[in-house]
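Working notes for the structure below.
These numbers were taken from a predicted model, which means no experiment stands behind them.
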Amino acid sequence: MKSRMLMMVLVTAAVVLVSWLLNSGIVSLFVPIAMYLAMAQGWNLLGGYGGYLNLGMASFFGLGAFGAAIAAVNWNQSLPVALLVGAVVAILGGLVMGLLSLRLRGAFFAIFTFVSVFVLEAIANTVGITHGALGITLPTFSSLSYNTLTKIWFDAFIVLGLLATVVVWLVERSRWGSSLVAIKEDEPAAEVLGIRTMRVKLLAFLFAALVGGLAGGLYAYQQQFIYPSTIFTDTVTLQVVLMAVAGGGGSWLGPVIGTPLVMGISALMRLIVGSVVVFGNGIPAQLELIIYGLMLVAVGMFLPNGLVGLVKRWRGRSATPAATSERLEARGA
Amino acid sequence: MSEDDTALLAVKGVSKRFGGIEAVRDVSFSVARGEILGLIGPNGSGKTTLLNTINGVHRVSKGEIYYNRQPIHNRAPSWLLRQGVARTFQTPRVFQSLSVLDNMLLPTIETGLRDEEAIDRILESVALKEKKFWTASQLSGGQQKLLEYARALVSRPRLILMDEPFGGVHPEIKAVMQDAIKRASREEQVTFLIVSHEIPDLLQLCHRVACLAEGQILAMGTAREVTADDRVVSAYLGRRYEQHA
């Protein structure tokens, strides 16, 4: 365990170091990948392991972004304090949403979380503290060059992403992880076994809120200008869910594989399809959503357990129960 | 001191209604410590509903349930497990993607009774120790029933509610489970309430048997008394079990 943790620290340090050796143009391509890795891991605990389709990641992202922006602009707080405020706002929002929605199951939970994004967008567009539809412009870091800032934001997102990955990795090997899997497979039976399912689900939901809130806060600072319709948007949720499930929800490795894969395919498709004009100019304007939607349908049809699930199935077919047993024993299950 | 005062489980006038249907009607009985009580009856007679009501899966519509002289009706299943009430299901509800060991560890998450030596002993008693690291999906249906029973024992329950534990199970596995139940009852004073259609098995396993029909207790007593009862023969058995009685 300690050696694996040390390895994760070394990997993080190496990625950070490499980012400072590369051209900032290249690093800028990886900033959204790092951000979405964190978000997808945040989603993964309840969505992937627990089987609760949370379509409200954009709510946490938005609460974190506006929480941080309000703290920075309205209350003149420093970046760390603003990020902390954003995270706390997202967690409080997650607590309210979780207490209201986690007694619902299946499509009802998914609909509740999906609708939360639109409700929060409407509120953010209306209330004065968020500056309404005009949005908020955050303080600039004029002493730092664009190149330096790009690398700093990448490092911040990648550290968040790798920390979230470590947490998910640890949970996967813990009783909490087993509880989440039990909830996914048969929640009433898990309750009969004494598992306090509401508490387990709420903790996983709050983890999503924390990571989403921190990512939102960092994003607000990185963009320097946010307004409700670009933050509380279903595109954010759709991307997060797609990245996690394409790689393999319910596995720490899933988002690590899925995030760069989906971003890569999406960029490629934009290059190829973007040059084709179909039905005038309307289609290219919504191209990103169309691509993500099609990819989500394709994953649902052909890779329901993601790439990790595909590999597991292939290994499962070729393994005898005894071989599987040895593998589990070696894992220290 | 009345029988109810010494009983581990006392069900008093319990009814369970689903809309216009009364699935369980004014049922009263008690089960002593270490006793194995069989519950028989035709399909739809309310046996599983009664188990679900005792187990907190359903709220009682009327009546009271006492466990260890403490009222437990309408308490959550997770709370009941911590008090020592465990449950198995008609179709084994083990977690397919978890290993046998991980399945066994689940009840210890809240009870904190993690004792891997005890888990090994329990798995050995149901002949599953060698398969400790197999995933549950690799077990046969009968072995999954054994795993579910073994998992119920992990939380050191005083009362186990079992729904059709012997249905569709290979005779060898059935024998292993029956031995384990008898041993737990005799040596550790674990109390069992077993719903089953396997009459011959219940006759040789249970101290007493109750027959439920249309949500009411039709007859209750020793296996010999109940299977000889004309009302039970007429409502459920169809013939007398002379060879066992």
Quiz item: Does a sphere of radius 6.0 Å around CD1 in B:Ile21 hold more than 12 heavy atoms from other residues, nucleotides or ligands, not counting ones at 6.0 Å or beyond?
Solution: no
Quiz item: So which of A:Ile195, A:Val192, A:Thr197, A:Val181 has the largest heavy-atom pair count under 4.5 angstrom toward chain B?
Solution: A:Val192
Practice problem: Nearest 0.5 Å please: distance from the CG atom of B:Leu80 over to the CD atom of A:Glu191. | Solution: 12.0 Å
Exercise. Rounded to the nearest 0.5 Å, what's the gap from CG on A:Leu193 to OG1 on B:Thr108? Could you check?
Key: 10.5 Å
Practice problem: Locate the shortest heavy-atom distance separating A:Glu185 from B:Gln96; write the atom from each residue and the value. | Solution: OE1-N, 2.6 Å
Practice problem: Report yes if the side chains of A:Ser178 and B:Leu106 come closer than 4.5 Å at any heavy-atom pair, otherwise no. | Solution: yes
Quiz item: Above 12 or not: heavy atoms from other molecules or residues under 6.0 Å from CZ of B:Phe18?
Solution: yes
Quiz item: How long is the span from the CE atom in A:Met198 to the OG atom in B:Ser78, to the nearest 0.5 Å?
Solution: 12.5 Å
Self-check item: Closest non-hydrogen atom pair, A:Pro188 against B:Arg93
Solution: CB-NH2, 3.5 Å
Quiz item: What are the two closest heavy atoms between A:Asp186 and B:Phe95, and how far apart are they?
Solution: O-CE2, 3.6 Å
Quiz item: Are more than 12 heavy atoms from other residues, nucleotides or ligands located less than 6.0 Å from atom CD of B:Glu172?
Solution: no
Self-check item: Other residues, nucleotides, ligands: >12 heavy atoms within 6.0 Å of B:Arg59 CZ
Solution: no
Quiz prompt | Part of B:Val94 within contact of chain A (heavy atom distance under 4.5 Å) | solution = backbone
